[in-house]
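The chains referred to below are lettered A, B, ... by the order of the sequence lines, with proteins before strands, and numbering in each begins at 1.
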Amino acid sequence: MDFQKLADRLFPQITGTPEEMEARYPERNLPEGAKVTRIAPSPTGFMHLGNLYGAMVDERLAHQSQGIFYLRIEDTDRKRLVENGVETIIKVFKKFNLNFDEGATLEGDNGNYGPYTQSERGPIYQTYVKYLVSRGMAYPCFCTEDELKEIHETQEANKENFGYYGKYAIWRDRSEEEIYEKLDQGAPYVIRFRSEGSIEHKLRFEDQIKGKMEITENDQDVVILKSDGLPTYHFAHVIDDHLMHTTHVVRGEEWLSTLPIHLQLFDALGFKRPKYAHTAQLMKLDDGKKRKLSKRKDPELALDYYFESGIPVAAVIEYLLILLNSNFEEWRRANPDASYNDFAFSTKKMSGSGALFDIDKLNDVCKNVVSRMDAETVYEETLRWAQEYDPDFASLLSKDPAYSKAILGIGRGGKKPRKDFGRWSEVKGYLSFFFDELFNPDFSEMPAHLDKELIGRILRDYAGVYHSAATSDEWFAGLKELCPKYNMTADMKAYRQNPEAFAGSVGDLSMVLRVAVCGRSQAPDLYSVMQLLGESKVLERLEKAAKAFD
RNA sequence: GGCCCCUUGGUCAAGAGGUUAAGACAUCGCCCUUUCACGGCGGUAACGUGGGUUCAAUUCCCGCAGGGGUCACCA
């Protein structure tokens, strides 16, 4: 068989050589130990937590080592293309502060190792495929879909391994005549790699996350070039990561099963293998069983979900980091204000088993992250969220920014900051009573053991004497003085010991005021609330409430 | 079914051949407290199973089971 002749017949338009290609993509000039990583999503328009999870690893690995983190678009499957898919990818990663040093951007390629979109790299792949064919290491296969299906069924019936190998590799050793006959007919074909592997052979491999493992060699003649002239993932991965000089390939563990194919290709082409880090899948508990997060069933998988529900980006990052490296939590406690970029991330610390996505834990992380922010940041983030998902609230918030920030500043800072909310979507409910537009009092929250008449009297009286005090202590002292008038006591211990002796405690007294002013029983420090609302608004609300108890 | 990965409390997990088997979330109780949100203290709760190696195994080895993944001209 004249392989060179076949290669020329198959790829007449390809005149370049692998050597020329190598020269076009020279070794990167980076400091010792610098890692080159990438994320290579498919532009299906759907970005999920798993993408982000892996991307965090790539980003940290690269930027912790003064390396390069780049974006490559894997769009070789034309059926799955979605309009604006690339745009979605780029925007999402930007939102999560994942900055690419190189690769595809909305304005075109950035970097010297492009094109960074696989559909634009056809001739590059074909150059290598032609080379393989010319060496007899790859060959055209004219099998139709039906024929392949038939093979599969036969294997199923015989309880044999599935796939294109051994006697089922029916075009592997066809005669020159048969091949040219098909070509002359213009029959569509794919190019398959001629595997020299055997399932009798095991190979040792060391993964950056899973450690040492033993895997079976690949004996399948896999498709490397599809009939449309574009490569399959397997081939594109090998060529691209070689030419772009990726040092560390981070991907989901679903790729572990095809790893032998990739290693085989790297070796056959004489390429240096990159290091691999196969990340465990994010799981979810469903009906008592662990399962992979699914696009259809689990809204929390889609990154849009986080934006919509107002979960702080910083919290998602923080939570992912905890899943990635459990010692991150410990580090965070020691360095509450440090940037997560200062944390020494390591793939060695990553767990080999799939983590269950835990919304409770995420909620806790959210509250902690938000509690560490200053009022200014909380205001801005809430506003940004509201502008997209609750415009009415956004305009209310931004009507008087200073007022809004003051509200958000209550109980913030210090050793024990308030942790009232963890999501931007919760802010509205938390501070609604500060705005007349949202104020909707529920007087049923008044202390149940006080009778209506007494509540009404307290409110009327207080409306008569209220004036904004200088300090919280002064104000509260004034409240205590009022107690005897209603047969209440400011002595909480005495009250607890013998509640029957009093109409109520100072706690009840302030609760009456709280419900009148805030419209509910749960609110931050009442003094601060009243100071912010201002004397006239407080009086107005006291009087309004008093009327309800006439 | 073949191949591969995984297996410490409800969840995330630390851990070493000999430990009272960390910590966090959740949960429960107590305390603090004018409500709530915090905060403090404490409780319940774990090494899948059977062999082996060893004075000693949850830790090392083998088998099994369970869970997950994968077997496309999809990535």
Taking any heavy-atom pair under 4.0 Å as a contact, classify [X]: base, sugar-phosphate, or nothing.
X: A/E74; answer: sugar-phosphate
X: A/C143; answer: base
X: A/V223; answer: sugar-phosphate
X: A/R333; answer: sugar-phosphate
X: A/E156; answer: nothing
X: A/K212; answer: nothing
X: A/S351; answer: sugar-phosphate

Quote, to the nearest angstrom, the [atom1] distance that separates [N] from [M].
N: B/rG67; M: B/rC28; atom1: P; answer: 31 Å
N: B/rU59; M: B/rG9; atom1: P; answer: 14 Å
N: B/rC4; M: B/rG43; atom1: P; answer: 45 Å
N: B/rA75; M: B/rU70; atom1: C1'; answer: 13 Å
N: B/rC38; M: B/rA24; atom1: P; answer: 16 Å
N: B/rA56; M: B/rG68; atom1: P; answer: 37 Å
N: B/rA46; M: B/rG23; atom1: P; answer: 15 Å
N: B/rC47; M: B/rU58; atom1: C1'; answer: 4 Å

Whole Å only: how far is the [atom1] atom of [X] from the [atom2] atom of [N]?
X: A/L320; N: B/rC12; atom1: CG; atom2: P; value: 15 Å
X: A/H152; N: B/rG2; atom1: NE2; atom2: C1'; value: 12 Å
X: A/H234; N: B/rC74; atom1: NE2; atom2: P; value: 9 Å
X: A/L282; N: B/rG67; atom1: CG; atom2: C1'; value: 16 Å
X: A/H262; N: B/rC4; atom1: NE2; atom2: P; value: 17 Å
X: A/I261; N: B/rU70; atom1: CD1; atom2: C1'; value: 10 Å
X: A/N158; N: B/rG2; atom1: CG; atom2: P; value: 16 Å
X: A/Y233; N: B/rU70; atom1: OH; atom2: C1'; value: 14 Å

Hey, is the side chain of [X] poking within less than 4.0 Å of OP1 or OP2 on [N], counting only N and O atoms?
X: A/T232; N: B/rC73; value: no
X: A/K349; N: B/rA13; value: no
X: A/T216; N: B/rC4; value: yes
X: A/K226; N: B/rA75; value: yes

Given [options], the nucleotide with the shortest approach to the side chain of [X]:
X: A/A355; options: B/rA26, B/rA75, B/rA13; result: B/rA13
X: A/E253; options: B/rA13, B/rC25, B/rG68; result: B/rG68
X: A/S353; options: B/rC6, B/rC25, B/rA75; result: B/rC6
X: A/F162; options: B/rC74, B/rC5, B/rG1; result: B/rG1
X: A/D358; options: B/rA75, B/rU11, B/rC5; result: B/rU11
X: A/D364; options: B/rG68, B/rC74, B/rC25; result: B/rC25

message = Please compare A/G352 and A/R192 by the position of their nearest nucleotide in RNA chain B and report the one closer to 5'.
response =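 The residue whose closest nucleotide sits nearer the 5' end is A/G352.
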
5' priority, RNA chain B, between A/N161 and A/S257 [closest heavy atom] =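 Its nucleotide being nearer the 5' end, the pick is A/N161.
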
query = Is the count of non-hydrogen atoms from other residues, nucleotides or ligands lying under 6.0 Å from A/E214 atom CD greater than 12?
reply =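 Count over threshold, so yes.
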
ask   = Does CD in A/Q185 sit with more than 12 non-hydrogen atoms of other residues, nucleotides or ligands closer than 6.0 Å?
value =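 Yes - once you tally the heavy atoms of other residues, nucleotides and ligands closer than 6.0 Å, there are more than 12.
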
Counter-base of [N], judged by Watson-Crick or G-U geometry with both distances under 3.5 Å:
N: B/rC64; answer: B/rG48
N: B/rA37; answer: none
N: B/rA21; answer: none
N: B/rC74; answer: none

For residues 146-153 of chain A, run the donor-acceptor check on the side chains, cut-off 3.5 Å, and write out each pair with its distance to 0.1 Å, sequence neighbours left out.
| from | atom 1 | to | atom 2 | distance (Å) |
| --- | --- | --- | --- | --- |
| A/E147 | OE1 | A/T144 | N | 2.7 |
| A/E147 | OE1 | A/T144 | OG1 | 3.3 |

ask   = If the sugar-phosphate is the primed atoms plus P, OP1 and OP2 and the base is the rest, what is the B/S/- string for nucleotides 28-49 of chain B, using protein heavy atoms under 4.0 Å?
value = ------BBBBBS----------

message = Whether A/R204 and A/E206 form a salt bridge (side-chain N of Lys/Arg under 4.0 Å from carboxylate O of Asp/Glu) is what I want to check.
response =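 No salt bridge links A/E206 with A/R204.
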
Residue list, ring pair (Phe, Tyr, Trp, His ring centres under 6.0 Å) with A/Y466, at least two apart or on another chain =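 Only A/Y462 meet the ring pair (Phe, Tyr, Trp, His ring centres under 6.0 Å) criterion with A/Y466.
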
key: Stepwise side-chain hydrogen bond (donor to acceptor under 3.5 Å, both in side chains) check, A/D240 with A/Y125   = CA-CA 9 Å; A/D240 290 347; A/Y125 305 116; 2.7 Å; yes

inquiry  = If only side-chain N and O atoms count, and only distance matters, is there a donor-acceptor pair under 3.5 Å linking A/Y486 with A/D508?
reply    =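 No.
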
request  = Would you check if there is a donor-acceptor pair between the side chains of A/Y527 and A/T471 at a distance under 3.5 Å?
outcome  =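 No, no side-chain donor-acceptor contact under 3.5 Å.
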
task = Indicate the atoms forming the closest heavy-atom contact of A/F142 with A/P140, along with that distance.
result =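 For A/F142 and A/P140, the tightest heavy-atom pair comes out as CE1-CB, 4.0 Å.
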
inquiry  = Looking at every non-hydrogen atom in both residues, tell me the closest pair between A/M446 and A/A516 and how far apart they are.
reply    =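 Distance-wise, the nearest heavy atoms are CE-N, 3.9 Å.
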
Check: B/rC73 base within 3.5 Å donor-acceptor of A/S227 side chain =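 By the distance-only test, yes, there is a pair.
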
ask   = Rounded to the nearest 0.5 Å, how far apart are CD of A/E200 and OG1 of A/T216?
value =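 The CD atom of A/E200 sits 9.5 Å away from the OG1 atom of A/T216.
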
